[in-house]
Amino acid sequence: MSIRKSALQAIANAQHDLNRIDYKKIRLKDLFGDHVFNESVQRERLPKPIFKALQRTIKNGEALHPDIADSVASAMLDWALEKGATHYTHLFQPMTGLTAEKHDSFINPSNEGKAIMEFSGKELVKGEPDASSFPSGGIRATFEARGYTAWDPTSPAFIIENPNGATLVIPTVFLSWTGEALDKKTPLLKSMEILSHHALRILKLFGNTAAQKVFTTVGPEQEYFLVDQNFYLARPDLLNAGRTLLGAAPPKGQEMEDQYFGTIPERVLAYMADCETQLYVLGVPVKTRHNEVAPGQYEIAPIFENSNLATDHQMLTMEILRKTAPRYGLACLFHEKPFAGINGSGKHNNWSMSTDLGENLLNPGDTPHENAQFLVYCVAVIRAVAKYPELLRVTVASAANDHRLGANEAPPAIISIFLGTQLEDIMEQLEKGAPTSTKHGGTMEIGVTVLPKLPKDAGDRNRTSPFAFTGNKFEFRAVGGSQSIGGPNTVLNTIVAESLDYVATELEKHIGSGKDLKAAIQHLLPEILKTSKKVLFGGDGYSEEWHKEAVEKRGLPNLRTTPEALPVIIRKDSIELFTKYKVYTARELESRFHILCENYVKTVSIESKLVVLMAKTMVLPAVTKYLGEVASTVVSMKAAGVEPGAMGDTLNHLTTLANGLYKSLAHLEHAIAHVPHGTLHDETVYLRDHVLTAMKEVRKNSDELEGVVADDYWPLPTYREMLFIR
């Protein structure tokens, strides 16, 4: 029996326990944050002076005294032991895009031959994992192993329960022995600090001296696919690359549009509820769940949080989704394009700015034309995106996301901003002078007496825009489903910080020369809009007309693939920007360029070798076997004096396709064997132009054969099975 048939039989015979959580006995609101060493727990367990000092560190960024660390560690240990913890770990986010951890036991042997449970402030604040095997982009030589993790008190520690115990997890940054950032969290924290500094300068001009901090908020929507685990294990490409490298389009895909927001399948719903419960216990404020556009695709989305905490929670969400799936006989896929021909997965990054007093600086209010403070911050964001579109494009560049961006499912590689009818009108007024009116949506008449009138928004939404204003935030839609949001938010924070710095400096200059704030704003914002409006676009981002207009008329960059985008990282203006605001050093930027090039090379290399392996060991043997049977039938028919007719045509067609597959495989193997030994970036260009092209040709031939070879012979689970058997 083939692997595929075995998988189908296993699925047919499987029974899954879908009632793991009794919601009649538990109350989710009581579970929320139960395993988090949050402010409430800190207040309860820490001496009052220690608690206040820790809160000043968390909320105001004050340095943490070592004595405080010892007191916090002692309280944290007692709390963790009560929750069943036996070990602790410093959780960090290396440049792999994943999380990493090393577990240490609380147990220390005593002089009496017994053991005591200990956890010191030193152990809380600093760890030392081996840094030699993590990507460093040349910052560290392979023989230089020392690296440090440092406690990030702004992201609370939490308890993860395991089958045989529990672990205290401490979010940390990850640094080399020489002090460079080897992670995604350190630059993110730096970018948040510099944005806060310049955002506060503007607030003070408006007379707001109460706010002490501005932080960026993020609510990342996570799209993902679920397939039966038996199919997943029967597909070497899903197992090793996260996407299907071969596979013919099914008779039915997503064209009926019956998946989106449809009824959630029972097994999937049970899985979602389990994941949500685990996330609630860990203080992750997940809010929505639904079917996405493609068959087998779903989404989970949280409420907005501080960007740093949101990034940690996003990584935790992905881990919970991944590790919970097998309990329900499923596999969770985060790849941007796991199935060709249907929508892939993004991670919409909903971004805004808020003060420590709870004021959303991108909330326009009911009359945004009169809201000068909102207009200043909004125009600053527009300026940032207009000035640094290529940097935003780089943040979402990867071999995986290249399969998604620019297709009729995801934003194009051209970065533009959608504002909506209301804000577009106000910006047009502002460019000409002081805005005097705001368009309102009014109400929507449904035409059924019993139904209420609905308040109508003043503007529609635009799903084709990579950077869209959606009421009180900007939604960066180009982030990939498997990506950490740390990198995109670091860059977004930095370019907006630069813009806020510029705006604050200009306003201070105008006010210093005798103008009042209103006059200074009316002078500055129109000037900014005149040079930045090229990035504003409210139409169809997928259309050829827009691509032509954007590049030829507006001069917007169109970095269609990762190899085109990556050199932007080490361009002079990029280095000047990040070093000026001390978010990255020049060496750290060089390392990230190297790491991203290397990641692209490794990804395409692995995929190309997988295509060869699967075609040679799975597809061709099945084709050869079926070809032999057809040939035997043709010979038998001729021997019996019967004209083979259609069977002869089938044999000829199969032979032609099989020969095509052999030739395309030879071409691919030749391309793999002749990768140039130049720079890593040279390799990325070669792999894009030659290896990926050859892989597509192999796939084309294999997929055609899948539509001809008898179903009993085909070894790989098919799209029509993986996407619809749930």
Side-chain angles (χ1 to χ4, degrees), residues 57-58 61 63-64 69 73 76 87-104 119 121-158 160 167-194 306-319 395 482-491 493-494 569 578 582-596 598-599:
T57 295
I58 294 171
L64 188 74
M76 201 180 282
H87 290 68
Y88 70 93
T89 182
H90 277 193
L91 187 74
F92 55 101
Q93 299 173 31
M95 292 302 297
T96 57
L98 305 171
T99 56
E101 56 192 58
K102 179 189 74 170
H103 294 208
D104 288 293
F119 184 53
K122 181 180 178 181
E123 290 169 317
L124 168 63
V125 169
K126 177 185 168 187
E128 191 179 328
D130 188 332
S132 62
S133 295
F134 290 106
S136 73
I139 282 179
R140 305 290 284 153
T142 53
F143 62 85
E144 295 174 322
R146 195 180 294 279
Y148 299 119
T149 52
W151 176 36
D152 171 18
T154 65
S155 184
F158 55 91
I160 285 285
T167 304
L168 172 65
V169 181
I170 303 158
T172 65
V173 299
F174 182 42
L175 306 168
S176 73
W177 180 76
T178 48
E180 286 103 349
L182 297 177
D183 67 340
K184 293 181 177 290
K185 180 185 273 275
T186 304
L188 176 62
L189 290 170
K190 290 179 178 179
S191 72
M192 292 175 68
E193 280 198 5
I194 195 66
N306 173 302
S307 292
N308 179 43
L309 185 56
T311 301
D312 287 354
H313 280 171
Q314 167 58 206
M315 301 304 292
L316 193 55
T317 298
M318 292 175 71
E319 180 63 17
T395 68
S482 68
Q483 283 188 278
S484 162
I485 62 172
N489 282 296
T490 297
V491 171
N493 292 344
T494 306
I569 300 171
F578 289 110
K582 297 179 178 167
V583 174
Y584 291 111
T585 65
R587 195 175 181 208
E588 287 170 344
L589 287 171
E590 183 74 38
S591 78
R592 273 132 184 92
F593 171 70
H594 184 96
I595 289 167
L596 289 171
E598 191 175 60
N599 184 272

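Side chains included, hydrogens not; waters and symmetry mates left out as well; all remaining heavy atoms used. Keep in mind the model is a prediction, meaning the values are calculated, not measured.
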Measure the spacing between [atom1] of [X] and [atom2] of [Y] and express it to the nearest 0.5 Å.
X: Leu189; Y: Asn308; atom1: CG; atom2: CG; result: 4.5 Å
X: Met76; Y: Leu168; atom1: CE; atom2: CG; result: 6.0 Å
X: Phe578; Y: Ile194; atom1: CZ; atom2: CD1; result: 12.5 Å
X: Leu316; Y: Thr311; atom1: CG; atom2: OG1; result: 12.5 Å
X: Glu590; Y: Thr585; atom1: CD; atom2: OG1; result: 10.5 Å
X: Ser136; Y: Glu588; atom1: OG; atom2: CD; result: 11.5 Å

Between [X] and [Y], is any pair of side-chain heavy atoms under 4.5 Å apart?
X: Met315; Y: Pro171; value: no
X: Pro156; Y: Leu309; value: yes
X: Ile569; Y: Leu596; value: yes
X: Leu188; Y: Asn493; value: yes
X: Ser591; Y: Glu180; value: no

Salt bridge (Lys or Arg N to Asp or Glu O under 4.0 Å) partners of Glu598, counting only residues at least two apart: Lys602
Identify the two heavy atoms, one from [X] and one from [Y], that lie closest to each other, and give their separation to 0.1 Å.
X: Arg140; Y: Ala145; result: NH2-N, 4.2 Å
X: Ile485; Y: Gln314; result: CD1-CB, 4.2 Å
X: Gly121; Y: Ala73; result: N-CB, 3.6 Å
X: Ala181; Y: Leu175; result: CA-CD2, 3.9 Å
X: Trp151; Y: Leu64; result: CZ3-CD2, 3.2 Å
X: Thr57; Y: Ala63; result: OG1-O, 3.9 Å

Does Thr167 reach the main-chain N or O of Val169 with its side chain, forming a donor-acceptor pair under 3.5 Å? no
Are any side-chain N or O atoms of Arg587 and backbone N or O atoms of Ile139, one a donor and one an acceptor, separated by less than 3.5 Å? yes
Can you name the side chain to side chain donor-acceptor pair (under 3.5 Å) partners of Thr172, sequence neighbours left out? none
Considering the options Lys184, Lys190, Lys185, which one meets the side-chain contact (heavy atoms from CB on, under 4.5 Å) requirement together with Val173? Lys185
As a test of understanding, state which of Phe92, Phe174, Trp177 forms a side-chain contact (heavy atoms from CB on, under 4.5 Å) with Tyr148. Trp177
Only pairs at least two apart or in different chains count here, so list each side chain to side chain donor-acceptor pair (under 3.5 Å) that has a residue in residues 87-101. His90-Thr149, Gln93-Asp312, Glu101-His103
